[in-house]
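Scroll down for the structure; my scribbles are underneath it.
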Amino acid sequence: MDVMPQQDPESRRPPEPSPQDPQDPYAMPAEGATAVPPPPPTLRTTLRRAAFGAVAAGVLLAGALVAVPDGDRDAPKEPGPVERAEAAATAGSPASLSDLTALIGDRQKWVESHPDDAPSWATLGSAYVEWGRRSADAAYYGRAEEALKRSLDARPGERGNGEAWVGMAALANARHDFLAAKRWGETVRKQDPKAWSVYPVLIDAYTGLGDVKAATAATEKFGELRKGVPALARTADLYRGQGWREDALATAREAADRATEPAEKAEALHRLGELAWERGEPEEAVAQFDAALRTDSGHHASLAGKARALVALERTDEAVAAYQSAVTGLPRPEYVLELGELYESLELDGDARSQYEELGGLLEQAKAAGVDESVIRARYESDHGDPAVAVELLRGQWKKQHRSAAVADALGWALHRAGKSEEGLEYAQQAVDTGVRNASYAYHLGVIEQKLAQYGPARRHLEEALRTNPAFSPLDAPKAREALETLGEPSPGGPGDTQPPPPAPVPEPKRESEPEPKPERKQEPEQEPKRESPRPEAPAPAPSKTAPAPSKAAPGSPAAVEADASKSP
């Protein structure tokens, strides 16, 4: 069975594995381990050898051999790529792509001669899931599924093969089938609540379903079972999703400071770059993404992040070049869509169309591989295609319980673009209410509110979008500023729909026993009318800000006419 990556660069492949003991089917071949030669003798050793030369000669004449210890020892062998990949998996950290390639090749060779080795099949399947996710090539997911099924055939999950179940959950997450991932993960957790490896896949599943409470609980449990950088990274992502910027930043910085391996360090620096971008700090974002790329030159996600920040800095030529390199090395649909929208903002319509056509091809490939990219396709259809198609796609996501903030925002916007703004308002509001600081979510909600003549909330959310990140989109950020200009400045007393003007003053009805009021004692509009009382009483409550006081009759009203008639002689 051919399960090797067909597009792996030859330079990433390690040397052939060394022969292993056939009596141990579970032994991991030490492929790629580099033997380090012993260091040259030190000066002290050389002098000691010279001093013992005469003694050695005499002893040799007597037929005896004198061994002179010199203290030299072979240095310990450095771990090879397979060992490094296994160590990363054991720690819950990402392995470098070259080490991951070596691990895949090693396990593939092993299972060819040991087809009943369930753990090796599970390792191979999980490695393919990770490779497919990191390379944005959904073709690996089919191979991953086949390997994981072979593992479960050799040893069912009920008999202790939880690793294969975790791999199936990771595969479901990669295909955006979060409900299936939840079921696989919860099965493992029920069997072994202390299996730390299941909690990352559960976190991803709950996040995709929009279950913040369950995702929080899984993150906390993961932190209890697995200390260190992986737990810090997951906690930072949790804080980020809830809009706790300061906590997310502090935790992400700690993860970056404590990361040691290049792949882990690059991932931590990338997270810092994303946080800086979301805060509207493109210079800081570029610095963090550059640091990630210096750590791992193949971290194409950081290259795409850098391109996004360069657009905000109006360095569009550099941004285009960075995007082009990113989509070549990591052709994720969202990066292709972003590059197309950048071309469109630059009025390069031909290049934009080419990117959108490429996006369509990628989405078809993903669909053929069982990957659900409905959200990305709906985003494209809402703004560049048929909004009705977007609505249909996203309603399907909602029915499958995919109710994350991203899905709620996309569905609300699609409904608005399809002429159903009132229905879209509910979903757009739900996305913003999650607390996540996303400028696009606030922009979408503000535009929908403006369409529904809710001008006060519309102005507030449009301002929030530009305050969060003034350059959140090359197409939508200028539109947000135009919408604010259309709304104009609020009135000095506040928006009319939230703070109505005070009621006009009402004259006091005349009484026979009272003299005519003097002009200089005319009551001011904002003061409470004075009332005479034979003894002090508790102060009356202040008049409502939203309606006139009911104790006065308006001139010309039936009550005023009746009062005047009663006072006629």
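Between the side chains of Gln355 and Tyr343, no donor-acceptor pair of N or O atoms lies under 3.5 Å. If you check the side chains of Asp204 and Thr207, you find no donor sitting under 3.5 Å from an acceptor. Side-chain contact, Gln108 with Glu112: a donor N or O sits under 3.5 Å from an acceptor N or O. When only modelled atom types and interatomic distance are considered, Asn161 and Ser151 share a side-chain donor-acceptor pair under 3.5 Å. A side-chain donor-acceptor contact under 3.5 Å links Gln397 and Asp372. Side-chain atoms of Arg417 and Ser382 form no donor-acceptor pair, as typed in the model, at a separation below 3.5 Å. One side chain, Thr123 or Glu163, offers a donor N or O that lies under 3.5 Å from an acceptor on the other. Side chains of Tyr140 and Arg143: a donor-acceptor N/O pair is absent below 3.5 angstrom, by distance only. For Glu220 and Thr235, the side-chain atoms include no donor-acceptor pair closer than 3.5 Å.
No donor-acceptor pair closer than 3.5 Å links the side chain of Ser297 to the backbone N or O of Leu293. A donor-acceptor pair under 3.5 Å is formed between the side chain of Lys265 and the backbone N or O of Ala256. Judged purely by atom type and a 3.5 angstrom limit, Asp117 has no side-chain atom pairing as donor or acceptor with the backbone of Trp110. Glu381 places no side-chain N or O within donor-acceptor distance of the main-chain N or O of Val389, the cut-off being under 3.5 Å. The closest donor-acceptor contact from the side chain of Glu392 to the backbone of Pro387 lies at 3.5 Å or more, if one exists at all. In this structure a side-chain-to-backbone donor-acceptor pair under 3.5 Å is missing from Lys400 to Gly396. Distance alone, capped at 3.5 Å, is enough to place a donor-acceptor pair between the Arg245 side chain and the Glu278 backbone.
Inter-residue side-chain proximity for Val371 and Lys367 is flagged as unmet; no heavy-atom pair is nearer than 4.5 Å. Residues Arg308 and Tyr323 have side chains in contact (heavy-atom distance under 4.5 Å, counting atoms from C-beta outward). Pro230 places a side-chain heavy atom less than 4.5 Å from the side chain of Glu264. Between Ser96 and Glu261, the closest side-chain pair of non-hydrogen atoms is not below 4.5 Å. Within the 4.5 Å cutoff, no side-chain heavy atoms of Leu209 are placed close to those of Arg403. Looking at Val129 and Asn173, their side chains never come closer than 4.5 Å, going by heavy atoms from C-beta outward. Trp413 is listed as a side-chain neighbour of Tyr443, based on a closest heavy-atom distance under 4.5 Å. Put simply, the side chain of Gln242 reaches to within 4.5 Å of the side chain of Thr216, judged on heavy atoms.
Looking at every heavy atom in both residues, Ser325 comes nearest to His300 through O-CD2, 4.1 Å. His444 and Asp476 make their closest contact through NE2-OD2, 4.4 Å (heavy atoms, listed as atom of the first residue, atom of the second, distance). In terms of heavy atoms, Leu310 sits closest to Ala322 at CD1-CB, 4.5 Å. Here the closest heavy-atom approach between residue Leu393 and residue Ala378 is recorded as CD1-N, 4.2 Å. Minimum heavy-atom separation, Ala181 to Ala172: N-CB, 3.6 Å. When all heavy atoms of Val188 and Gly162 are compared, the pair lying nearest together is CG2-O, 4.1 Å.
The 12-atom threshold is not exceeded at CH2 of Trp244, counting heavy atoms of other residues, nucleotides or ligands nearer than 6.0 Å. Around CZ of Arg226, the count of heavy atoms belonging to other residues, nucleotides or ligands within 6.0 Å exceeds 12. Within a 6.0 Å sphere centred on CD of Gln429, other residues, nucleotides and ligands contribute more than 12 heavy atoms.
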| query | Where do Arg175 and Glu145 land on the side-chain contact (heavy atoms from CB on, under 4.5 Å) test, with the steps shown first? | reply | CA-CA 11 Å; Arg175 286 172 163 169; Glu145 184 175 7; 3.1 Å; yes
| field | Residue pair Tyr239, Thr251: steps toward the side-chain contact (heavy atoms from CB on, under 4.5 Å) verdict | value | CA-CA 9 Å; Tyr239 292 157; Thr251 309; 3.5 Å; yes
| task | Under the side-chain contact (heavy atoms from CB on, under 4.5 Å) rule, what do Thr468 and Asn438 come out as? Steps first, then yes or no, please. | result | CA-CA 7 Å; Thr468 300; Asn438 189 302; over 6 Å; no
| task | Assess whether salt bridge (charged side-chain N to carboxylate O under 4.0 Å, His left out) is satisfied between Arg379 and Glu338, documenting all intermediate values. | result | CA-CA 11 Å; Arg379 283 176 50 190; Glu338 290 176 14; 5.1 Å; no
| field | Residues Arg133, Glu130; criterion salt bridge (charged side-chain N to carboxylate O under 4.0 Å, His left out); working and verdict | value | CA-CA 5 Å; Arg133 187 183 67 83; Glu130 181 69 4; 2.9 Å; yes
| query | Stepwise, does the side-chain contact (heavy atoms from CB on, under 4.5 Å) test hold for His299 with Phe289? | reply | CA-CA 9 Å; His299 202 270; Phe289 290 133; over 6 Å; no
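From Glu373, atom CD reaches atom CD of Gln365 across 11.5 Å, with rounding to the nearest 0.5 Å. Between the CD atom in Gln324 and the CG atom in Leu339 there is a gap of 6.5 Å [rounded to 0.5 Å]. Here the straight-line distance linking atom CD of Glu341 with atom CG of Asp383 works out to 6.5 Å at 0.5 Å rounding. The CG atom of Asp290 sits 9.5 Å away from the CD atom of Gln288 when rounded to the nearest 0.5 Å. Here the CD-CG distance, from Glu364 to Leu359, works out to 10.0 Å after rounding to the nearest 0.5 Å. Taken to the nearest 0.5 Å, the CD atom of Glu281 stands 4.0 Å off from the CZ atom of Arg279.
A salt bridge links Glu224 with Lys221: the distance from a Lys NZ or Arg NE/NH1/NH2 to an Asp or Glu carboxylate oxygen falls below 4.0 Å. Under the 4.0 Å criterion applied to side-chain N and carboxylate O atoms, Arg271 and Asp237 are assigned as salt-bridge partners. Taking a cutoff of 4.0 Å between a charged side-chain nitrogen and a carboxylate oxygen, Arg332 and Asp137 do not qualify as a salt bridge. A salt bridge is defined here as a Lys NZ or Arg NE, NH1 or NH2 lying under 4.0 Å from an Asp or Glu carboxylate O, and Arg258 with Glu254 meets this definition. A salt bridge is defined here as a Lys NZ or Arg NE, NH1 or NH2 lying under 4.0 Å from an Asp or Glu carboxylate O, and Lys306 with Glu318 fails to meet this definition. Between Glu186 and Arg189, at least one side-chain nitrogen of the basic residue sits less than 4.0 Å from a carboxylate oxygen of the acidic one, meeting the salt-bridge criterion.
Separation of the Tyr356 and Tyr380 ring centroids falls under the 6.0 Å cut-off. Taking the six-membered ring for Trp and the full ring otherwise, the centers of Trp398 and Tyr427 sit less than 6.0 Å from each other.
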